[in-house]
Amino acid sequence: MIVRSHFPRYQAPAAPTCPNRSFVREACVGFILLCAVAVLAPAAGAQQQSNIRAVGSCSALPLTYQIGDIDPQFGISPDVLRTAIREAIAMWESPTGRSLFTETATGELVIQMVYDERQGQWEARRQAERALAEARDMQEARTAQLESLRTALDARVAAYDRSVERLNRMIARQNERVGAWNAGEVERTETYQARLERYQNAIDQMQQRVEQEAHTVNALRDRYNEHVRRANRATEALNVEVGRFNAQFAQAQAFNQGVYRTRTLERTGERLAHSITVYHFHDRDDLRLTLAHELGHALGLGHVDDERAVMHAVNTEANRARTTLAAADVQALKQLCGW
């Protein structure tokens, strides 16, 4: 008996739909349509907000300073702070060619570091950023694995399709020969009958092969789809964490990193004491910039409008990496001191 059959063509699994979420800058990537992790909320800290002017500081240069208390929770030594202070002082002294600050054991300007919730919040933010970065790396690894599985699946599907097409051609050819036999269009000899039987055996073997290939394809498809489901669940969880991160740290830029304070005699304006207190810094460069900004206040400067300046009111991308003063800083000091 001649089997008239046609194997169903394997349909590749539909790509999962990217969830519609409100996270910052979300995107779907590649065939797996995984939702990209949101970009983390910026931590451009509004730096120092004090507009206090030191009284008569230009006439009393160089200002003497000393290193005060350093909260051990910062994890830095007096020598590390001293180096950062000297680097900040050099930013002011180099363009002016004047000695503006001198460290002494009894210096009138006390530079200290007080650890409070601002630094704690920043360190919590950094830990959260590291955790999110690790999660993103894991997602990228999942994406690479899915791409590899998809490549293997596509190759298997293509091979299966070729096998199905070949089997159908064989069946069509055999059915033509059997039809001719049944219609008496060919001589019914034992040789022709043996030929039909041999070809039928080949069809049966090909059909078994196609069935095995279909099993392999379906197993690989199921494996791929399960990985997609896992990856999408992980992406959803990661986006939830990003949302929590943004909700917790989006307002982190609202605090002061350092403050300059001065006490003066109300009657004469004579300065009795002044200090710089650093509450928070991101890294060594940020500490230097914070100190340089507060040292500018100690010299008597207020804030300037140029966002590239050390004495700009906000620590932004424009001034964060500065190692030298901006022209606006130098001009402000020269105007203040009459140089």
Side-chain angles (χ1 to χ4, degrees), residues 24 37-50 65 67-94 101 103 109-137 241-242 245-246 248-260 275-298 303-304 306-326 329:
V24 180
V37 176
V39 175
L40 304 181
Q47 199 181 39
Q48 304 83 357
Q49 301 300 319
S50 171
Y65 71 92
I67 294 178
D69 294 335
I70 302 174
D71 194 309
Q73 293 183 84
F74 281 105
I76 68 171
S77 66
D79 286 340
V80 171
L81 177 58
R82 180 173 288 106
T83 299
I85 293 171
R86 289 174 178 172
E87 291 174 353
I89 290 173
M91 292 175 66
W92 287 104
E93 292 184 340
S94 294
F101 299 94
E103 182 180 5
L109 173 64
V110 178
I111 302 177
Q112 58 193 355
M113 301 187 71
V114 175
Y115 189 103
D116 66 2
E117 72 280 357
R118 285 166 279 197
Q119 187 67 16
Q121 185 181 34
W122 170 249
E123 293 180 357
R125 178 193 174 94
R126 287 196 300 179
Q127 291 177 359
E129 285 177 342
R130 285 194 291 267
L132 288 174
E134 291 175 1
R136 284 200 306 269
D137 290 343
E241 291 303 314
V242 170
F245 178 95
N246 288 338
Q248 182 176 357
F249 297 110
Q251 301 304 317
Q253 65 266 31
F255 55 73
N256 295 332
Q257 292 174 267
V259 174
Y260 170 75
S275 65
I276 290 174
T277 304
V278 175
Y279 293 102
H280 159 59
F281 65 94
H282 302 172
D283 51 30
R284 180 67 175 272
D285 290 340
D286 194 48
L287 176 58
R288 180 184 63 243
L289 180 62
T290 298
L291 289 167
H293 184 101
E294 300 307 332
L295 288 170
H297 285 317
H303 292 142
V304 301
D306 187 350
E307 65 177 9
R308 298 168 298 176
V310 170
M311 294 310 297
H312 186 59
V314 179
N315 182 349
T316 69
E317 292 293 337
N319 64 4
R320 185 170 300 137
R322 292 206 71 93
T323 57
T324 60
L325 298 183
D329 297 313

Check: Counting only N and O atoms by type, is there a donor-acceptor contact under 3.5 Å from the side chain of Trp92 to the main-chain atoms of Ala292?
Finding: yes

Notebook entry, point to check: Asp79: what forms a side chain to side chain donor-acceptor pair (under 3.5 Å) with it, not counting sequence neighbours?
Noted result: Arg82

Notebook entry, point to check: Which class fits the ring pair His297 and His293: parallel under 30°, tilted 30 to 60°, perpendicular over 60°?
Noted result: perpendicular

Next item on the list: Could you grab the distance from atom CZ of Phe74 to atom CG of Leu287, nearest 0.5 Å is fine?
Entry: 9.0 Å

Notebook entry, point to check: So, Glu307 versus Asn319: side-chain donor-acceptor pair below 3.5 Å or not?
Noted result: no

Check: So, do Tyr279 and Tyr115 have ring centers that fall under 6.0 Å from each other?
Finding: no

Margin query: Between Phe101 and Ile85, is there a side-chain heavy-atom distance shorter than 4.5 Å?
Written below: no

Margin query: Nearest 0.5 angstrom please: Phe281 CZ to Asp286 CG, how far?
Written below: 8.5 Å

Item checked: Validation row: Tyr65, Ile89 side chains within 4.5 angstrom (heavy atoms) -> yes

Next item on the list: Report the distance from atom CD of Glu129 to atom CZ of Arg136, rounding to the nearest 0.5 Å.
Entry: 8.5 Å

Next item on the list: Could you check if a side-chain atom of Thr324 sits within less than 4.5 angstrom of a side-chain atom of Ser94, using non-hydrogen atoms only?
Entry: no

Note to self: How long is the straight-line distance from CG of Leu291 back to CD1 of Ile276, given to the nearest 0.5 Å?
What the structure shows: 6.5 Å

Notebook entry, point to check: Is the closest side-chain heavy-atom distance between Arg284 and Thr83 below 4.5 Å?
Noted result: yes

Checklist line | His280 NE2 to Gln257 CD distance, which is reported to the nearest 0.5 Å | finding: 4.5 Å

Checklist line | With Asp69 via side chain to side chain donor-acceptor pair (under 3.5 Å) - residues at least two apart | finding: none

Checklist line | Single hit among Asp71, Ile67, Leu81, Thr277 for side-chain contact (heavy atoms from CB on, under 4.5 Å) with Met113 | finding: Leu81

Next item on the list: Would you mind reporting whether Met91 and Thr323 have side-chain heavy atoms less than 4.5 Å apart?
Entry: no

Checklist line | side chain to side chain donor-acceptor pair (under 3.5 Å) partners for Arg322, two or more places apart | finding: none

Check: Do the side chains of Gln112 and Val278 get nearer than 4.5 Å, heavy atoms only?
Finding: no

